[in-house]
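The block underneath contains the structure these notes are about, expressed in structure tokens.
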Amino acid sequence: MKLLFASSDRDLLLCYGKLLQADGRTVLTAFDGPQLFTQLAGGAELVITDARLPRLELKGLLRFLKEEGSAVILLINEKKTKELYRDLLPEEAFLPYPFTPFELEDKIREILKLKDTKAVTL
Amino acid sequence: MKQVRRKFVLYAMLAVFVLLLTILTIINGTNFTMAASDADAVTAMLAENKGKFEEAPEGFTPNTAPPAGTDFLKDGAFPAQPFFRNGLGPMGPESPETGFSIRYFTVCFEKKSGETSVTAYQIAAVTEEEAIRWAEALKTEGKKDVTGWTRGTYRYRCYTRGDSVYVTVIDQGRELTPSYRILVISLIGMALGLLISFLFLSLISKRLFRPLEEADRKQRQFILEAEKEFKIPLTVIQADTELIERENGPSDYTTSIHRQVNRMADLTKDLGNLAIFNQNDAVTACLLRDVFSQSVSGAEESLRAAGITVTEQYQEGISLQANPELLKRIADELLENVSRFALSEAAIRTEKKEGRIIVTLENDCSLPDGSYDNVFDRFIRLPNAEGTAGAGLGLSFVKDAVYQIGGRASAKVEGGRFILKLYL
């Protein structure tokens, strides 16, 4: 599975870039909007991104990913952000900081299951 | 801060009101008391002569001019006349003019013969028959004279001399008019004074509190920013610790890091709570049943993991005017407390008693019986909290938030049950 992790915090990129490599996943990383889109050119089943990624028009990205059929997990720092993107993402797609690696893994499983269920329904 | 400013204006207005009321009461009270005293002096004078003014002695000329060369400052305004008690001229109730200016009547009730007669009648507003009926109503028998006000502006004295009871009534309407005028003017002045004070205080309080409001806003902003900025570093530390454990295996040090990070995460969340409850967000009617049942649903997983069952009992239709976000956080905090410290079961109940909304949260616990109101103090953790996560800020937030919406909180342990009540 190809997974893209995007955050402007290089330490976060470093540790999660490694942590998420379990179970044969390919993990791509990006630290800003342009790099994210560059990495996305190769396609990704799941995009995990910070809501405040620099130089990124988030709504545009979310609409693009929705069309591409990629799942998204949005890392948020405040509840207000959820209200802004509720119409573009399901409730399960939001993961507030701080989170543990286990919480992120649980979220990944949950969102991929949801994606599969929707695919089956469609 | 707006609430603090409103309270400041309210208490300052209260102080001004009390001050003005005190001054008004003293002035008008003294004024009316002196009027009553002057009237009593006149009725006392009449009582000495069985309800009539003394006849002037023979040869007395009321308009005697002082002799030429009288030193007014040395000898008084008028030469001493035996008829004038205090040697003063036309001043006060003992003035020689009093007999000509006072409107009055006196009714005599003879005890032995039972006869009633009007012994003095110098009044146009009342007929003699009416005077007798009036005096009948005022008559009392006793050793001491009885005085008082009757029919608003009339002063009376009821007294016994020999075998007869006398009732003397004098008209003080003219004498009281200035007093009433002073009363009305002082009340109007008080109202104006209060209005001016209110406008002045409202204006000045805005300027006075502006720096405080700014400081408060900056403090909240700082807390919110700090809360946000702590979160990513905490996430990184947790992830790095996990990586270390994967590569080298868990150790006491990595366990300690996890523990401290969890503690920091709780503190960060509590910081966010502290910042939010001061905000003047929109207040709406919130159904408590919905608020608490949603929080119970939200905490279902952690409650199930801890093996705790929660029974809910909500009285229908109880709603509260409050910020919905604030109420939700109160409910979430209480449920988190239950999930951490209840042994096996908890109950949540909302009811309305004597106009007050009471939310009761109780759970089994291992604490001894007693009052535990100190659990609402910051950083206080009870003995049963040892080994569990938390910084001791959660219930402190609950208490402050409940206070913010005009309520109070209490906690006690009775028969092995921790009972927390919110009075809203």
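From a predicted model like this one, the values you see are computed outputs, not experimental measurements. Chain letters run A, B, ... following the sequence lines, proteins first and then strands; every chain starts at 1.
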Examine R5(B) relative to F209(B) and say whether NZ or CZ is less than 6.0 Å from the centre of the six-membered ring and inside a 45° cone about the ring axis.
no
For the residue pair F5(A) and Y16(A), categorise the inter-ring angle as parallel (less than 30°), tilted (30 to 60°) or perpendicular (more than 60°).
parallel
Which residue out of M264(B), E242(B), E229(B), H258(B) racks up the most heavy-atom pairs below 4.5 Å with chain A?
E242(B)
Of the backbone (N, CA, C, O) and the side chain (C-beta and beyond), which part of D9(A) lies under 4.5 Å from a heavy atom of chain B, both, or neither?
side chain
R10(A) versus chain B, heavy atoms under 4.5 Å apart: side chain, backbone, both or neither?
neither
Top contributor to chain B contacts, counting heavy-atom pairs under 4.5 Å, from L19(A), T100(A), L75(A):
L19(A)
Can you see whether D32(A) engages S8(A) through a side-chain donor-acceptor pair at a distance of less than 3.5 angstrom?
no
Quick one: which of E214(B), Q219(B), Q221(B) gives a side-chain hydrogen bond (donor to acceptor under 3.5 Å, both in side chains) with R217(B)?
E214(B)
